[in-house]
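Below is one structure, written out as structure tokens; comments come after it.
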Amino acid sequence: MDPLEVLIVGAGPIGLEVAWHLQEAGVRTRVVDAGGIGQTIATHFPPATRFFSSPERLAIAGMAVPVPTQEKITGEEYLAYLRAVVLTRGIEVDTYQRVTAAEPAAAGWQVTLSDPCGRERAVHARRVVLACGGTHRPRRLGIPGEDLPHVHTWLGDPHRFFQRRVLVVGGRNSAVESALRCWRVNADVSLSYRGDAISERVKYWLRPEVQSLIDEGRIAAHPGTTPVEITPEHVTLRRGDQTTRVPVDDVLLQIGFEQDDTLMRLFGARTSGPQQAPEFNPATLETTAPDVYVAGTAIAGTQQRFKAYIETSHDHGPRIAAAVTGAEPPEVAEARVLPES
């Protein structure tokens, strides 16, 4: 079989959009993903979570996002939209295919894929695009008790916390939204965060609500605190020289995510800086590894403050398609990011 022109690793929105741009340019392309399409949205988003971004900023592949309610859409609605994009645009996607090895080959790369049963197959691609995202694993506190079974890093369905004592750790969007959702299912919620106040960057429709519940004593706030130990019965919080024990049934760590740089290392793409972001040519998005490109939020490594989003990555497809076909790089207007982003 002739080699693929381009293998895209990552079936998130931007991976799919890059595939569409390449197909439109007549480039034979296939997308693979270790999970399903939109895997991060499917696994990280609690039920009915709404995006920061407005629907038109999430649209890919020349297809509008249908919004009957004229509101910001939920994760479930966006996953349905991504499925429609794949089917309508005829994008070739192989899901649950993990890249386990990569070797330079004649005119490209030999990539080994493995399915959940451990069956392997090899794909020869002239070029590879890493659209693998940047939120692969939760950050860790590095404290005793962090691996106990009642310590969670995903909210999931908050119903499971009904009438339980839940300590949420974190002071940004995920933590605040988790605290509110747990409180709404009648959990006894406490919130620990390092700052003296809830972050100003929290969604503008959530921050006043959680602050009101804190002021009314319905959510117990522990500002300026850091967890130092977790036991089956309590969490010890430290503020300066003082410690406090908070009784818990569950602990929900919402302190952010890290990028797994395994794919970057497999392909020999150099990363640098405090975020260990891949180095790349901004005009073409080609990394330091020949014929290996990067797209989507993967360009930013582990983001401390999110600047790379779906809505700021729509130019990646046209840039990569131009680089692959030898066309003139497109002039793309810089994305206008909404304040709540």
So, do Leu213 and Trp183 sit near enough that their side-chain heavy atoms are less than 4.5 Å apart? yes
Arg194, CZ atom: more than 12 neighbouring heavy atoms under 6.0 Å: no
Looking at every heavy atom in both Leu130 and Ala298, which two are closest together, and how far apart are they? O-CB, 3.9 Å
Just by modelled atom types, is the Ala106 backbone N or O under 3.5 Å from a matching donor or acceptor in the His124 side chain? yes
Mind checking ring-ring contact (aromatic ring centres under 6.0 Å, His included) for His152 and listing every partner two or more places apart, or none if nothing turns up? Phe161
Under 3.5 Å side-chain donor-acceptor pair for Ser54 and Glu56: yes
Does Ser313 use its side chain to pair, donor to acceptor, with the backbone of His316 at less than 3.5 Å? no
Side chains of Met264 and Cys132, heavy atoms from C-beta outward: is any pair under 4.5 Å? yes
State plainly whether one hydrophobic cluster holds both Val129 and Val27, where clusters connect Ile, Leu, Val, Met, Phe, Trp and Tyr through side-chain heavy atoms under 4.5 angstrom apart. yes
Which heavy atom of Val31 sits nearest a heavy atom of Gly15, and at what distance? CG2-O, 4.3 Å
Around Arg89, counting heavy atoms of other residues, nucleotides and ligands shown, do more than 12 lie under 6.0 Å from its CZ? yes
The reported gap from CG in Leu82 to CE in Met63 (rounded to nearest 0.5 angstrom) is 9.5 Å
With sequence neighbours left out, write down each residue that passes side chain to side chain contact (heavy atoms under 4.5 Å, CB included) with Thr43, or none if nothing qualifies. Gln39
Go through Glu286 and Arg319 one step at a time and tell me if the salt bridge (Lys or Arg N to Asp or Glu O under 4.0 Å) criterion holds. CA-CA 10 Å; Glu286 186 174 13; Arg319 291 189 199 184; over 6 Å; no
Heavy-atom side-chain contact between Ile219 and Val210 under 4.5 Å: yes
Between Ala295 and Ile320 the two heavy atoms that sit nearest each other are CB-CD1, 3.9 Å
Glu146: which residues meet the side chain to side chain donor-acceptor pair (under 3.5 Å) condition with it, sequence neighbours left out? none
CA sep, side-chain torsions, deciding dist, call: Asp33, Val93, side chain to side chain contact (heavy atoms under 4.5 Å, CB included): CA-CA 8 Å; Asp33 198 292; Val93 182; 5.7 Å; no
Taking every heavy atom of Leu22 against every heavy atom of Ala321, the minimum-distance pair comes out as CD2-CA, 3.7 Å
Under a 4.0 Å N-O cut-off, is there an ion pair linking Asp188 with Arg218? no
So, the side chain of Arg50 versus the backbone of Gly75: is there a donor-acceptor pair under 3.5 Å, distance only? no
For the pair Asn281 (side chain) and Leu285 (backbone), establish whether a donor and an acceptor sit closer than 3.5 Å, ignoring hydrogens and angles. no
Going by the rule side chain to side chain contact (heavy atoms under 4.5 Å, CB included), which residues pair with Glu177 if we only count those two or more places apart in sequence or in a different chain? Thr49, Arg181, Lys203, Leu206
Within the 3.5 Å criterion, strictly below it, is a donor on Thr271 or Gln276 matched to an acceptor on the partner's side chain? yes
Applying ring-ring contact (aromatic ring centres under 6.0 Å, His included), which residue pairs with at least one partner in residues 25-45 are found, sequence neighbours left out? His44-Trp154, His44-Phe257, Phe45-Phe51
Do Leu87 and Val85 have side chains that approach each other closer than 4.5 Å (heavy atoms only, starting at C-beta)? no
Examine the side chains of Thr112 and Glu120 and answer whether a donor and an acceptor come within less than 3.5 Å of each other. no
In the hydrophobic clustering (ILVMFWY, side-chain contacts below 4.5 Å, transitive), which residues join Val235, or is it alone? Leu141, Ile143, Leu148, Val151, Leu167, Val169, Ile230, Leu237, Val246, Val248, Val251, Leu253, Ile255
What pair of heavy atoms forms the shortest contact from Gln254 to Ser178, and how long is it? OE1-OG, 2.6 Å
Main-chain N/O of Leu58 paired with Tyr78 side-chain donor or acceptor, under 3.5 Å: yes
Has His314 got a side-chain atom pairing as donor or acceptor with Arg57's backbone, closer than 3.5 angstrom? yes
Within residues 148-164 or reaching into it, pairs that qualify as salt bridge (charged side-chain N to carboxylate O under 4.0 Å, His left out) - sequence neighbours excluded: Arg164-Asp250
Between Arg207 and Asn173, is any pair of side-chain heavy atoms under 4.5 Å apart? no
Arg239: which residues meet the side chain to side chain donor-acceptor pair (under 3.5 Å) condition with it, sequence neighbours left out? none
Heavy-atom count around Arg140 CZ within 6.0 Å, excluding the residue itself: above 12? yes
Using atom types as modelled and distance alone, determine if a side-chain donor or acceptor of Gln259 lies under 3.5 Å from a backbone N or O of Gly133. yes
Check: Arg139 main-chain N/O paired with Glu258 side-chain donor or acceptor under 3.5 Å: no
Not counting sequence neighbours, list each pair that qualifies as a ring-ring contact (aromatic ring centres under 6.0 Å, His included) and has a residue in residues 87-118. Trp109-Phe267
Close side-chain approach of Leu113 to Val123, heavy-atom, < 4.5 Å: yes
Would you list the pairs meeting salt bridge (charged side-chain N to carboxylate O under 4.0 Å, His left out) in which at least one residue belongs to residues 267-284, sequence neighbours left out? Arg270-Glu279
So which atom in Gly38 and which in Leu79 form the shortest heavy-atom distance, rounded to 0.1 Å? O-CD2, 3.5 Å
Would a 4.5 Å heavy-atom cut-off, applied to side chains only, mark Ser114 and Gln97 as touching? no
For Thr236, does its backbone N or O pair with a side-chain atom of Thr243 as donor and acceptor, under 3.5 Å? no
Let's go through Thr29 and Gln23 carefully: what are the C-alpha distance in whole Å and the side-chain angles of both, what is the deciding distance for side chain to side chain donor-acceptor pair (under 3.5 Å) to 0.1 Å, and is it a yes or a no? CA-CA 7 Å; Thr29 304; Gln23 287 182 182; 5.9 Å; no
Flag the pair Arg165 and Glu233 as a salt bridge only when some basic side-chain nitrogen lies within less than 4.0 angstrom of an acidic carboxylate oxygen. no
By side chain to side chain contact (heavy atoms under 4.5 Å, CB included), which residues pair with Ala220, not counting sequence neighbours? Ser190, His222
Does the side chain of Ile37 reach to within under 4.5 Å of the side chain of Thr95, using non-hydrogen atoms? yes
Any pair counted as salt bridge (charged side-chain N to carboxylate O under 4.0 Å, His left out), so long as it reaches residues 4-14, sequence neighbours left out: Glu5-Arg126, Glu5-Arg127
Do Ser212 side-chain atoms and Pro208 backbone N/O form a donor-acceptor pair below 3.5 Å? no
